[in-house]
Amino acid sequence: MDALYPVLSGALTQEKNLEVITNNLANLNSSGFKKDFPILSALDPLGFDQPNLNGGKDPLPTYGFLDGISTDFSPGVIKQTGEPLDVAIDGENFLSVQTPAGVRYTRNGSLSLNSEGQIVTQSGYPVLGSSGPITLPPGRVNIDDEGRVSVEGIEIDSFQLVQFGDLKSLKKMEGTLFEAFGVTATPAIEKRVQQGFLEGSNVNPVEEMVAMIRIMRLYEASQKVIQSTDEMASKASNDLGKV
């Protein structure tokens, strides 16, 4: 039965892997979404091979586990929407957003106005400008390449665009929001904002579906091994000793 545990660990790891892919596919149409990918590892529980009766060594079963989840920050496709508060951000800059948990960062430029005239995200979080949430008076909105926001030709504020020295320090909190860990956001140096455009998700549906099919096959194979092992154990316990 000891041989069953590595198979079980592999099956559980593939379940976690499938959860990641399912979430990627669920956010296929989420603007600014960055896909995740699992970091899978294998573990030899004792760290060395097991001596056999012939004086050699047999490799111990290897246990699989999910070592973490990382994020692919490659850009998504930029699409034109024509909406005045939609913005796409070129490069590796992020919008700053005020949330109840603190400042978070996003590439999702699908913005709107709340009842107070503040520019907010789809979740209703205020987008930050140079001195806090950006509140607009009624009128035609224009956003230039530098992220400066004007209404009827009068400049109101500028998006607080930031960049990070190491994108791996960003941790996905929910949807398209990121929190910075161990790294400080610094003002973006090269800014390029496109009004009336949105950056799409960077999820490739074909790649995700192929990965999903591969995982399902591995999972099914694991189930067959588990079933066979269980049947062998059952026969051994019920039939052993019978004449």
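Since the model is a prediction, treat every value here as computed from it, not as a measurement.
- With hydrogens and angles disregarded, a donor-acceptor distance shorter than 3.5 Å links the side chain of Q195 to the backbone of V141.
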Would you sort out whether Q194 and D90 count as a side chain to side chain donor-acceptor pair (under 3.5 Å), showing the intermediate values?
-> CA-CA 8 Å; Q194 298 184 67; D90 281 355; 3.2 Å; yes
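- T99 contributes a side-chain N or O that, together with a main-chain N or O of G102, makes up a donor-acceptor pair within less than 3.5 Å.
- With values rounded to the nearest 0.5 angstrom, M209 atom CE is found 12.5 Å from N24 atom CG.
- Pairing each heavy atom of I119 with each of F159, the nearest pair is CD1-CE2, 4.3 Å.
- At a threshold of 4.5 Å between side-chain heavy atoms, the hydrophobic network of Ile, Leu, Val, Met, Phe, Trp and Tyr places L128 and V162 in one connected group.
- Hydrophobic clustering (ILVMFWY, side-chain heavy atoms < 4.5 Å, transitive): V120 and L136 are in distinct clusters.
- Counting only residues at least two apart or on different chains, no salt bridge (Lys or Arg N to Asp or Glu O under 4.0 Å) pair has a member in residues 8-24.
- Defined by atom type and a distance below 3.5 Å, a donor-acceptor pair is present between the side-chain atoms of S130 and D157.
- Here the side chain of S169 pairs no donor or acceptor atom with the backbone of G182 at under 3.5 angstrom.
- Listed for the Q163 side chain is no donor-acceptor partner under 3.5 Å among the backbone atoms of A188.
- Checked for salt-bridge contact, R104 and E179 meet the test: a charged N lies under 4.0 Å from a carboxylate O.
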Under the side-chain contact (heavy atoms from CB on, under 4.5 Å) rule, what do D145 and K191 come out as? Steps first, then yes or no, please.
-> CA-CA 7 Å; D145 291 351; K191 304 175 183 177; over 6 Å; no
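- Of the possible polar contacts, none joining the R192 side chain to the G147 backbone as a donor-acceptor pair under 3.5 Å is found.
- E208 places no side-chain N or O within donor-acceptor distance of the main-chain N or O of L25, the cut-off being under 3.5 Å.
- The pair K35-E207 meets the salt-bridge criterion, with a side-chain N (NZ, NE, NH1 or NH2) lying under 4.0 Å from an Asp/Glu carboxylate O.
- Legend: ring pair (Phe, Tyr, Trp, His ring centres under 6.0 Å) pairs involving residues 98-128, not counting sequence neighbours, sorted by first then second residue: Y105-F164.
- Side-chain contact check for V203 versus S30: every heavy-atom pair is 4.5 Å or farther apart.
- A search for side chain to side chain donor-acceptor pair (under 3.5 Å) contacts involving E155 returns nothing, not counting sequence neighbours.
- Atom-to-atom distance recorded for S158:OG and D144:CG is 7.0 Å, nearest 0.5 angstrom.
- At least one side-chain heavy atom of I89 sits less than 4.5 Å from a side-chain heavy atom of L95.
- In this structure, the side chain of N27 engages the main chain of N23 through a donor-acceptor pair within 3.5 Å.
- For D72 and K34, the salt-bridge test fails: no basic side-chain N is under 4.0 Å from an acidic carboxylate O.
- When hydrophobic clusters are built by joining Ile, Leu, Val, Met, Phe, Trp and Tyr residues whose side-chain heavy atoms come closer than 4.5 Å, directly or via intermediates, V151 is grouped together with L111.
- Atom CG of residue L218 and atom CD1 of residue I213 lie 12.0 Å apart, to the nearest 0.5 angstrom.
- For the residue pair Q122 / N108, a side-chain donor-acceptor distance below 3.5 Å is found, with atom types taken as modelled.
- When all heavy atoms of S96 and V103 are compared, the pair lying nearest together is CB-CG1, 4.2 Å.
- In this structure, T135 contributes its side chain and Q118 its backbone to no donor-acceptor pair below 3.5 Å.
- Distance alone, capped at 3.5 Å, is enough to place a donor-acceptor pair between the E199 side chain and the G76 backbone.
- Residue pairs meeting the ring pair (Phe, Tyr, Trp, His ring centres under 6.0 Å) criterion with at least one member in residues 178-215, sequence neighbours excluded: F73-F178.
- The side-chain heavy atoms of F94 and L177, taken from C-beta on, include no pair separated by under 4.5 Å.
- Residues satisfying the salt bridge (charged side-chain N to carboxylate O under 4.0 Å, His left out) test with D36, not counting sequence neighbours, are K172.
- Nearest heavy atoms, L198 versus S110: CD2-N, 3.4 Å.
- In I154, the CD1 atom is not crowded: 12 or fewer heavy atoms of neighbouring residues, nucleotides or ligands sit closer than 6.0 Å.
- Residue pairs meeting the salt bridge (Lys or Arg N to Asp or Glu O under 4.0 Å) criterion with at least one partner in residues 20-31, sequence neighbours excluded, do not occur; the list is empty.
- The distance from the OG1 atom of T71 to the CG atom of N202 is 9.5 Å, given to the nearest 0.5 Å.
- The shortest side-chain heavy-atom distance between Q160 and V127 does not fall under the 4.5 Å cut-off.
- Taking 4.5 Å as the limit, every side-chain heavy atom of I69 sits out of range of all side-chain heavy atoms of I39.
- The CG atom of N93 lies 6.0 Å from the CG atom of L161; values are rounded to the nearest 0.5 Å.
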